[in-house]
Amino acid sequence: MYDPGVFYVAMGGLGRYNQGMGDSAVRWLAKEHSDFSPESILDMGCSVGHSTLPYLDAFPNAKMDAIDVAAPMLRYAHARAESLGYAIDFSQQNAEHTDFPDQSFDLIVSHILLHETSRKAIYNIMREAHRLLRPGGMVLHAEAPLRNRELDP
């Protein structure tokens, strides 16, 4: 219900695959950091992977990991990504404390995750992102209106 429900609530404003937030972040990266080319990307709190897919479109050679605490969302995300031709490693993890080694990622992203959690959890997520980030990498936590397909980066 979540996948078509988001499309309905956003009135299609996030794009055909509800990927608008990821698209917007990728446009910002292209505009502000055109030479940035991550080899490994982590999407924290990926839900069903709506915003995960645009990163692989922009960086097709990158290894993509996506985490969420909800196993049903991850099962759907995996099936959805696979049906659309994307190779993503999904795992059930809490963004506050993951099992990835230090400095595992060049790019760490989240989309509408932070408003879903507590203040204490946000601090933990920021610490975890810092631990996981490689030198020279970037962290993007996006919180934006639902109808942002046309949102300027």
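Since we're looking at a predicted model, the values are computed, not measured.
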Item to check | Heavy-atom closest contact (L29 atom, F36 atom, distance) | outcome: CD2-CD2, 4.1 Å

Atom pair [atom1]/[atom2] of [X] and [Y] - distance to nearest 0.5 Å:
| X | Y | atom1 | atom2 | answer |
| --- | --- | --- | --- | --- |
| L132 | L42 | CG | CG | 6.5 Å |
| L140 | M44 | CG | CE | 12.5 Å |
| S40 | L107 | OG | CG | 8.5 Å |
| I122 | H141 | CD1 | NE2 | 9.5 Å |
| R27 | E32 | CZ | CD | 13.0 Å |

Got a donor-acceptor contact below 3.5 angstrom from the [X] side chain to the [Y] backbone?
| X | Y | answer |
| --- | --- | --- |
| S34 | K31 | no |
| T98 | A95 | no |
| T52 | D43 | no |
| R131 | F100 | yes |

Checklist entry - Of all residues at least two apart in sequence or in a different chain, which pass the side chain to side chain donor-acceptor pair (under 3.5 Å) check with S37? => result none

Item to check | NE2 (H130) with more than 12 external heavy atoms under 6.0 Å | outcome: no

Checklist entry - Counting only heavy atoms not in E39, do more than 12 fall under 6.0 Å of its CD? => result no

Quick one: does [X]'s side chain get under 4.5 Å of [Y]'s, heavy atoms only?
| X | Y | value |
| --- | --- | --- |
| E96 | E128 | no |
| I88 | L53 | yes |
| T117 | N124 | no |
| D99 | Q93 | yes |
| F90 | R75 | no |
| M138 | I108 | no |

Enumerate, atom names and distances included, each donor-acceptor pair closer than 3.5 Å involving a side-chain atom of residues 54-73, sequence neighbours excluded.
| unit_1 | atom_1 | unit_2 | atom_2 | d |
| --- | --- | --- | --- | --- |
| Y55 | OH | H111 | NE2 | 2.9 |
| D57 | OD1 | Y86 | OH | 2.8 |
| D57 | OD2 | Y86 | OH | 3.1 |
| K63 | NZ | D65 | OD1 | 3.3 |
| K63 | NZ | D65 | OD2 | 2.7 |
| K63 | NZ | D89 | OD2 | 2.8 |
| D68 | OD1 | A70 | N | 3.0 |
| D68 | OD2 | C46 | N | 3.4 |
| D68 | OD2 | S47 | N | 2.8 |

Checklist entry - Is Y123 linked to L133 within one hydrophobic cluster, defined over Ile, Leu, Val, Met, Phe, Trp and Tyr using a side-chain heavy-atom separation of less than 4.5 Å? => result no

